[in-house]
Amino acid sequence: MFTGIVEEIGRITAVEPSGDGVRLTLHAPGAIEGVRHGDSIAVSGVCLTVVDWTGEGFTADVMKQTLDMSTLDAARTGTPVNIERATAAGGRLGGHIVQGHIDGTGVVREVRPGAQWRVVRIGLPGHLAPLVVDKGSIAVDGVSLTVSAVSAAGAADAWFEVSLIPETLAATTLGERAPGDRVNLETDILARHVQRLLAFGASAPDAARPWSFATTEVPAADYSVLDPSLAPARAVGGSTEGGSL
């Protein structure tokens, strides 16, 4: 799991064919501290597994499905990428819960500069639009961002906007993004779970809906251990007796 707080901007140094996928080697010296074989590192939002490393970077395999779903299909030597190591248990959740499982790609539509920030509008596939909400979280190229505006529900041309502060512009590859550039998108995992539950609930009878839970009668609480006068009432010959509150 990641939090969408980029640790460094790395660079792809080699792209080698590997079956129907590729093997990437990246220059990312900051990500190597304490690294072990099999560790997860997010590369522009894509969770990859370390298979080898040196003092200057690491190597990871990318399967065909990942290439089909992400911008790594266009990876070239020299391409800059956002790097984040998996978060440690007990660490700070500085951004939001990011899995490194890309939902698809979007296209930068517009970049509007401000005095110290930029507003970026990104087009996204229509099936992802319901998962993006105003003031919600989204990961763009692995960067945890807050959505600042969204297109209307049902719009033929779905989009959302994010506002980038100077730190994000300087510390991530988003500072170099221009209209027409593709970016990796990962929507909020909570929204995806809700969408899945609703999909099942729309077609299933009440008894089969995943949120239909059996209920049992809960007995009255007995506080007599604290005070005998607080014992729950019990039926005696059609009436009740016991402590009173």
Side-chain angles (χ1 to χ4, degrees), residues 1-12 26-33 40-48 57 69-72 74-76 78-88 91-125 128-129 131-151 158-191:
M1 189 187 79
F2 308 90
T3 68
I5 304 300
V6 172
E7 296 183 90
E8 68 174 319
I9 297 178
R11 194 168 297 275
I12 296 174
L26 302 101
H27 178 264
I32 301 308
E33 181 181 355
S40 295
I41 297 179
V43 177
S44 286
V46 180
C47 178
L48 298 180
M69 293 288 293
S70 73
T71 62
L72 292 183
R76 300 290 183 272
T79 301
V81 290
N82 295 320
I83 299 293
E84 182 189 359
R85 292 171 294 178
T87 189
R92 293 182 181 274
L93 186 61
H96 71 284
I97 296 174
V98 178
Q99 294 184 299
H101 302 161
I102 301 302
D103 292 313
T105 60
V107 178
V108 176
R109 297 283 177 78
E110 181 182 350
V111 178
R112 303 196 303 273
Q116 292 182 304
W117 61 87
R118 293 178 199 165
V119 177
V120 180
R121 176 173 291 191
I122 300 172
L124 76 164
L128 296 182
L131 303 175
V132 182
V133 299
D134 189 23
K135 303 304 183 290
S137 296
I138 191 167
V140 178
D141 276 349
V143 183
S144 174
L145 298 171
T146 300
V147 177
S148 56
V150 293
S151 57
W159 54 264
F160 68 94
E161 291 183 349
V162 290
S163 299
L164 307 181
I165 62 174
E167 173 65 17
T168 303
L169 294 172
T172 76
T173 60
L174 296 184
E176 301 300 319
R177 289 289 170 257
D181 287 349
R182 292 167 64 222
V183 291
N184 292 322
L185 302 178
E186 182 184 335
T187 57
D188 188 356
I189 180 60
L190 298 179

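Atom-to-atom distance recorded for Thr168:OG1 and Leu145:CG is 6.5 Å, nearest 0.5 angstrom. Here CD of Glu7 is found 6.0 Å from CD of Glu84. Values are rounded to the nearest 0.5 Å. Distance check: Arg112 CZ to Leu164 CG gives 11.0 Å after rounding to the nearest 0.5 Å. Atom CD of Glu186 and atom OG of Ser70 lie 12.0 Å apart (nearest 0.5 Å). Taking CH2 of Trp159 as the start and CZ of Arg109 as the end, the distance is 10.5 Å to the nearest 0.5 Å.
Looking at Ser40 and Met1, their side chains never come closer than 4.5 Å, going by heavy atoms from C-beta outward. At least one side-chain heavy atom of Ile83 sits under 4.5 Å from a side-chain heavy atom of Val43. The shortest side-chain heavy-atom distance between Phe2 and Thr87 does not fall under the 4.5 Å cut-off. Taking the side chain as every heavy atom from C-beta outward, Leu48 and Val46 approach each other to under 4.5 Å. Side chains of Ile9 and Asn82 form a contact here, defined as non-hydrogen atoms less than 4.5 Å apart. Between Leu26 and Val81, some side-chain heavy-atom pair lies under the 4.5 Å cut-off. Considering only heavy atoms from C-beta on, Thr105 stays 4.5 Å or farther from Leu185 through its side chain. The shortest distance between side-chain heavy atoms of Leu169 and Arg118 falls below 4.5 Å.
Judged purely by distance below 3.5 Å, without hydrogens or angles, the side chains of Thr71 and Asn184 pair a donor atom with an acceptor atom. Looking only at atom types and distance, the side chain of Glu167 has no donor-acceptor partner in the side chain of Thr172 under 3.5 Å away.
Within 6.0 Å of CD1 in Ile97 there are 12 or fewer heavy atoms belonging to other residues, nucleotides or ligands.
Residues Arg177 and Val108 approach most closely at CB-CG2, 4.3 Å, considering heavy atoms. Closest of all the heavy-atom pairs between Ile138 and Thr187 is CG1-CA, 4.4 Å.
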